[in-house]
**Q** 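Before we start, here is the structure in question, set down as structure tokens.
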There are 2 protein chains.
Amino acid sequence: MEKTRAVTARTSSESTRDIPEATVARLPVYLRALTTLADQGTGTCSSEELAVAAGVNSAKLRKDLSYLGSYGTRGVGYDVDYLRYQIAREIGVTQDWPVVIVGIGNLGQALANYSGFRSRGFRVVALLDADPARHDEVVAGIDVRPFDDLEQIVRDHDVAIGVIATPAVAAQDVADRMVACGITSILNFAPSVLAVPEQVDVRKVDLSIELQILAYHEQRKTQHAADPVEGASA
Amino acid sequence: MEKTRAVTARTSSESTRDIPEATVARLPVYLRALTTLADQGTGTCSSEELAVAAGVNSAKLRKDLSYLGSYGTRGVGYDVDYLRYQIAREIGVTQDWPVVIVGIGNLGQALANYSGFRSRGFRVVALLDADPARHDEVVAGIDVRPFDDLEQIVRDHDVAIGVIATPAVAAQDVADRMVACGITSILNFAPSVLAVPEQVDVRKVDLSIELQILAYHEQRKTQHAADPVEGASA
DNA sequence: TCCGTTTTGTTCTCCCGTTCACAAACTCCT
DNA sequence: AGGAGTTTGTGAACGGGAGAACAAAACGGA
Ligand SMILES: NC(=O)c1ccc[n+]([C@@H]2O[C@H](COP(=O)([O-])OP(=O)(O)OC[C@H]3O[C@@H](n4cnc5c(N)ncnc54)[C@H](O)[C@@H]3O)[C@@H](O)[C@H]2O)c1
Ligand SMILES: NC(=O)c1ccc[n+]([C@@H]2O[C@H](COP(=O)([O-])OP(=O)(O)OC[C@H]3O[C@@H](n4cnc5c(N)ncnc54)[C@H](O)[C@@H]3O)[C@@H](O)[C@H]2O)c1
């Protein structure tokens with residue numbers, strides 16, 4: 001039961017692995033859509049249903065899932081719970097990842113209070129801040145500790161993922177310290193370009209950029225509405 | 001001074017417009033890098049310097065800028081202030097865009113308190129929440145007002161951009177109301193897929209997804225470290 | 001004024017991702 | 001058991017973006 005796999009013509013050493021980056025970015029979306037379906041009591045769904053729930057094209061969904069393996073049944077669809085588990089396993093969120101948050105200001109506090117992390121495979125094990133005035137505080141039931149405790153905490157909890165929510169000027173320093181402690185994945189909220197070693201992954205979330213992209217399109221909409229022809233003079 | 005432009009063979013009606021989406025997403029990054037350079041007193045920079053500051057390939061940078069026009073000088077580079085203005089104009093952030101934030105919980109408050117929006121072309125004109133208990137509060141010097149005031153506020157301030165920071169279950173309702181009021185760009189922080197009319201732009205920021213993408217790569221790193229060969233049996 | 005140097009703007013090629021379209025595979029009904 | 005209907009998994013065509021590489025243009029020095 002699994003057949004010869006009929007690999008097209010890839011390097012052949014790898015079995016099924018090496019999922020395209022674009023697909024990896026969508027797997028969490030599918031996971032969330034499946035969870036919603038499961039909560040609604042849906043036991044089975046077609047690629048079309050799941051695609052609608054995830055907001056993507058069904059052909060793309062099927063191709064994405066095909067990178068994981070053949071978890072559907074032709075003529076029937078996908079078992080919601082089974083597929084959900086397979087995707088969670090592929091992403092690596094079947095058990096919790098310990099995470100540290102550095103910079104417990106406006107944003108850091110919001111992140112610490114966010115319950116969605118825990119339910120999606122992450123556990124905040126420490127909140128760190130360089131400002132001694134913050135070290136008395138307890139946010140979301142967790143003590144805010146000195147930034148210098150980073151190494152100790154990373155070692156104790158085997159932390160691989162760090163979140164940076166400090167001002168931009170401090171971000172590179174924080175990243176350097178994180179890397180030195182052995183953290184290999186960083187989620188950066190500060191609006192700065194981080195320089196890190198090859199093997200360290202950095203993802204950046206920049207709200208101003210998102211708004212500016214919207215502004216660009218917004219401007220074009222109103223321009224189009226105003227300019228009847230465009231490019232008249234000359 | 002501008003020459004015949006020598007357009008390759010495009011549709012000819014549009015002058016220089018229609019910037020690729022990937023380029024649009026990078027323009028704000030260049031803008032930020034230029035601002036940093038300007039603050040450091042740099043008057044002129046080469047594509048290589050700017051590319052390093054923005055964290056991209058210099059060929060890509062030059063190609064991106066070429067969509068806007070010829071704002072550089074061969075043999076010299078780009079005038080920082082001039083290029084900065086041109087990009088800001090292209091994005092549409094030479095004057096402020098009014099923005100409303102809906103859902104003033106943990107995240108909404110952090111956003112309201114964030115000073116970076118104002119300095120990058122956006123002005124928060126109202127904070128809205130459905131919970132009457134919040135209506136007494138003042139966050140970042142702005143009154144929290146009932147969600148039903150949305151239409152009035154959008155009309156008064158000519159708001160085109162809305163931010164959703166409510167729980168996921170409320171997000172679609174909020175989006176529908178925003179669209180009904182005439183908002184045509186939405187930044188959504190709730191982990192839900194929004195259905196909106198064609199002409200409305202939606203951008204989604206999902207922190208759990210970002211972490212899950214990091215987790216995927218993290219898992220692969222540790223797997224590779226563990227598996228000496230991979231794919232042994234059979 | 002002319003030549004070498006620097007750096008831009010652009011062309012060309014390659015690769016990744018999206019989408020179409022269809023054969024294979026499974027279920028259900030007769 | 002067999003055929004009709006459904007839905008998956010994937011081959012193939014297509015489009016867009018990334019990067020290398022180079023010609024055109026500007027500057028500076030002699
Ligand atoms: N608040 C938002 O909604 C928002 C939105 C977009 C981007 N951001 C970005 O997120 C980051 C944080 O924003 P914020 O509003 O929470 O800022 P904030 O000033 O409220 O908080 C920053 C915190 O980082 C701490 N800090 C400073 N230097 C540090 C260091 N070297 N090590 C450890 N901690 C340090 C400070 O003590 C402070 O508590 C900023 O870079 C900001 O640009 C925030
Ligand atoms: N806090 C975070 O760091 C974080 C991180 C990732 C994602 N998110 C997402 O952002 C959203 C907000 O998160 P939060 O932590 O601020 O939640 P929260 O519960 O603290 O705040 C939500 C706010 O929305 C208001 N609200 C509810 N229904 C509304 C409606 N119909 N109209 C207007 N307002 C309404 C509530 O009164 C509340 O004030 C959630 O969808 C969450 O999943 C938050």
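Below, read A as the first sequence line, B as the second, and so on, with proteins coming before strands; counting in each chain starts at 1. All values below were derived from every heavy atom in this structure, side-chain atoms included, with hydrogens, water molecules and symmetry-related copies excluded.
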**Q** Quickly work out the A/R26 CZ to C/dC16 C1' distance and round it to whole Å.
**A**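 Spelled out: CZ on A/R26 to C1' on C/dC16 is 11 Å.
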**Q** About how many Å separate CD1 of A/I87 and OG1 of A/T94, when rounded to the nearest 0.5 Å?
**A**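 The distance works out to 13.0 Å.
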**Q** Tell me: NZ of A/K60 to C1' of D/dG15, nearest whole Å?
**A**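 For the pair A/K60 NZ and D/dG15 C1', the rounded distance is 13 Å.
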**Q** Starting at the 5' end of DNA chain D and moving along, which residue's nearest nucleotide shows up first, B/A59 or B/G75?
**A**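 That would be B/A59.
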**Q** Do A/S208 and B/R32 come within less than 4.5 Å of each other through their side chains, counting heavy atoms only?
**A**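 Yes; the side chains approach each other to less than 4.5 Å.
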**Q** Could you state the NZ-P distance from B/K63 to D/dC22, rounded to the nearest angstrom?
**A**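 In whole Å, D/dC22 P and B/K63 NZ are 16 Å from each other.
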**Q** Ignoring the backbone of A/R62, work out which of D/dG9, C/dG9, D/dC27 is nearest its side chain.
**A**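 The nucleotide sitting nearest to the side chain is D/dG9.
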**Q** A/Y71 has an atom OH; how far is it from atom P of D/dT8, in whole Å?
**A**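 In whole Å, D/dT8 P and A/Y71 OH are 16 Å from each other.
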**Q** Counting distance only, does the side-chain N/O of B/Q212 pair as donor-acceptor with the main-chain N or O of A/R120 below 3.5 Å?
**A**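 Judged by distance alone, yes, a pair lies under 3.5 Å.
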**Q** Output the single nucleotide from C/dC20, D/dA20, C/dC26 whose closest atom is nearest the side chain of B/N57.
**A**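 Nearest listed nucleotide: D/dA20.
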**Q** How long is the line joining CG of B/D64 and P of C/dT11, in whole Å?
**A**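 It is 16 Å, rounded to the nearest whole Å.
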**Q** To the nearest 10°, give me the bend of the helix from C/dT1-D/dA30 to C/dT30-D/dA1, comparing the axes of its five terminal pairs at either end.
**A**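 Taking five pairs per end, the axes differ by 0°.
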**Q** So, is A/S47 close to the D/dT8 phosphate, meaning a side-chain N or O under 4.0 Å from OP1 or OP2?
**A**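 Answer yes for this pair, as a side-chain N or O of A/S47 is under 4.0 Å from OP1 or OP2.
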**Q** How is B/E21 classified with respect to the nucleic acid when contacts are heavy atoms under 4.0 Å: base, sugar-phosphate, or nothing?
**A**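 Answer is sugar-phosphate: B/E21 comes under 4.0 Å of backbone atoms only.
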**Q** To the nearest angstrom, how far is B/Y67 atom OH from D/dA18 atom C1'?
**A**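 After rounding, the reported distance stands at 10 Å.
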**Q** Could you work out which one of D/dG19, D/dT8, C/dT18 sits closest to the side chain of A/Y78?
**A**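 The answer is D/dT8.
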**Q** Check the pair B/Y71, B/Y78 against ring-ring contact (aromatic ring centres under 6.0 Å, His included), reporting the backbone distance first and the verdict last.
**A** CA-CA 7 Å; B/Y71 296 133; B/Y78 301 91; 8.8 Å; no
**Q** Measure CG/B/L50 against P/C/dT6 and give the value in whole Å, please.
**A**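 It works out to 20 Å between those atoms.
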**Q** Taking C-beta and beyond as the side chain, do B/E21 and A/H217 meet within less than 4.5 Å on heavy atoms?
**A**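 Of all side-chain heavy-atom pairs linking A/H217 with B/E21, at least one is under 4.5 Å.
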**Q** Tell me whether the OP1 or OP2 atom of D/dT8 has a side-chain N or O from A/T73 closer than 4.0 Å.
**A**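 For A/T73, the contact criterion (side-chain N or O under 4.0 Å from OP1 or OP2 of D/dT8) is not met.
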**Q** Look only at the side chain of B/T35 and the backbone of B/L31, and say whether a donor-acceptor pair between them is shorter than 3.5 Å.
**A**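 Present.
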**Q** Would you confirm whether B/T73, through its side chain, and B/V76, through its main-chain N or O, come within 3.5 Å as a donor-acceptor pair?
**A**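 Flag not set: sc B/T73 to bb B/V76 has no pair under 3.5 Å.
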**Q** Would you indicate, yes or no, if C/dC28 has its OP1 or OP2 atom less than 4.0 angstrom from a side-chain nitrogen or oxygen of A/R74?
**A**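 No, outside the criterion.
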**Q** Taking CD from B/E48 and C1' from C/dG9, how many angstroms apart are they, rounded to a whole number?
**A**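 Taking CD of B/E48 and C1' of C/dG9, I get 16 Å after rounding.
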